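The structure appears right after this line, and notes come after that.
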Amino acid sequence: MAKANSPAIPTVNVQTAAQNATSFLQSLAPQIGAEIIDIRLEEVELSEDEKFWFITLGFARPVDTSFAMLQNQKQRDYKQFKIDAETGEVKAMKIRNV
């Protein structure tokens, strides 16, 4: 039996949390307004209370200038996702500045 003040063990592993974040990002591509390619897992962190996974994904998308578009240039963006460690549900997505 777990102590009352001990953190709960997450039921969602890091692989599932990362996959849920990736699926969420891909589902928002039309709202982001650009093609999302080359998605990479950049960072993972379990919160101190073990209730949330923080997943950072990096991805490339076309640069929004005419000159860059002609040269097929891409820019790398980063998003951080807060994933419920018990259910796997995405609770938040934020811009991650690096």
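As the structure is a prediction and not an experimental result, all values here were calculated from the model. Hydrogens, waters and symmetry mates play no part in the numbers below; they use all other heavy atoms, side chains included.
Here the closest non-hydrogen pair linking T87 and D84 is N-OD1, 2.9 Å. Minimum heavy-atom separation, R76 to A60: NH1-N, 3.4 Å. Shortest non-hydrogen contact noted between Y78 and V98 is CE1-CG2, 3.3 Å. A pairwise comparison of heavy atoms in V44 and I55 identifies CG1-CD1, 3.7 Å as the closest pair. Across all non-hydrogen atoms, the minimal contact from A18 to L41 is CB-CD1, 4.2 Å. Closest heavy-atom contact between V90 and F81: CG1-CD2, 4.2 Å.
With contacts defined as side-chain heavy-atom distances shorter than 4.5 Å, the pair K51/E86 does not qualify.
We find the CD-NZ distance between Q80 and K94 to be 7.5 Å, quoted to the nearest 0.5 Å. To the nearest 0.5 Å, atom OG1 of residue T16 and atom CD1 of residue I83 are 10.5 Å apart. To the nearest 0.5 Å, atoms CD (E89) and CZ (F24) are separated by 9.0 Å. Atom CZ of residue R40 and atom CZ of residue F59 lie 13.0 Å apart, to the nearest 0.5 angstrom. How far CE of M93 is from CD1 of I32: 5.0 Å, rounded to the nearest 0.5 Å.
Under the 4.0 Å criterion applied to side-chain N and carboxylate O atoms, E43 and R96 are assigned as salt-bridge partners.
Hydrophobic clustering of Ile, Leu, Val, Met, Phe, Trp and Tyr side chains at less than 4.5 Å, counting indirect connections, unites L28 with L57.
T56 contributes no side-chain N or O that, together with a main-chain N or O of E42, makes up a donor-acceptor pair within less than 3.5 Å.
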(Q) Applying side chain to side chain donor-acceptor pair (under 3.5 Å) to S23 and N20, what does each step give before you reach the verdict? (A) CA-CA 5 Å; S23 296; N20 290 357; 5.6 Å; no

